[in-house]
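For reference, the structure discussed in these notes is given below.
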Amino acid sequence: MAKQKSKQKPTKKLTERINLRVTEKELELLELASENDDRSLSNWARRVLVHEAKRQLSKKT
């Protein structure tokens, strides 16, 4: 019997960049949060930022 492929969303290529300055303590906090979520800092920050942007925009409608 053939294995079924998991249904994954197609990957979108990440091409744009955001530069963000933070304090040393903020960086430590963000790195700890991303490690606790078992994600890279970049992946974790992107997910959190997109989620919060959607939440804030949905409140305005």
Side-chain angles (χ1 to χ4, degrees):
M1 179 180 266
K3 282 187 176 179
Q4 291 183 352
K5 290 185 179 178
S6 62
K7 293 182 181 181
Q8 294 179 344
K9 294 180 183 178
T11 317
K12 294 181 182 175
K13 189 167 184 176
L14 304 173
T15 59
E16 303 304 314
R17 225 175 232 283
I18 297 174
N19 291 320
L20 179 66
R21 292 189 181 272
V22 296
T23 66
E24 285 182 34
K25 292 224 180 249
E26 289 171 334
L27 180 57
E28 289 173 12
L29 179 67
L30 299 174
E31 287 175 333
L32 182 59
S34 69
E35 288 170 9
N36 285 343
D37 202 21
D38 200 27
R39 298 183 181 279
S40 69
L41 179 55
S42 178
N43 180 271
W44 178 85
R46 184 176 57 255
R47 289 172 53 93
V48 169
L49 285 168
V50 169
H51 175 78
E52 182 60 16
K54 288 177 180 179
R55 188 187 70 79
Q56 286 191 19
L57 291 172
S58 70
K59 285 192 327 188
K60 294 184 179 189
T61 57

Above 12 or not: heavy atoms from other molecules or residues under 6.0 Å from [atom1] of [X]?
X	atom1	answer
R55	CZ	yes
R47	CZ	no
D38	CG	no

Next item on the list: Look at the side-chain heavy atoms of Ile, Leu, Val, Met, Phe, Trp and Tyr, link any pair under 4.5 Å apart, and say whether V22 and I18 land in one connected group.
Entry: no
Check: V48, L20: one ILVMFWY side-chain cluster at the under-4.5 Å cut-off?
Finding: yes
Check: In a check of side-chain hydrogen bond (donor to acceptor under 3.5 Å, both in side chains) between Q56 and each of K59, K54, E52, which one passes?
Finding: E52
Check: Which residues satisfy the salt bridge (charged side-chain N to carboxylate O under 4.0 Å, His left out) test with E16, sequence neighbours excluded?
Finding: none
Next item on the list: Specify the closest pair of heavy atoms between S34 and S40, including all atoms of both residues, with the distance to one decimal.
Entry: CB-O, 3.9 Å
Item checked: Minimal non-hydrogen separation, L27 against L41, with atom names -> CD1-CD2, 3.8 Å
Next item on the list: With rounding to the nearest 0.5 Å, note down the distance linking CD in E28 to CG in L30.
Entry: 10.0 Å
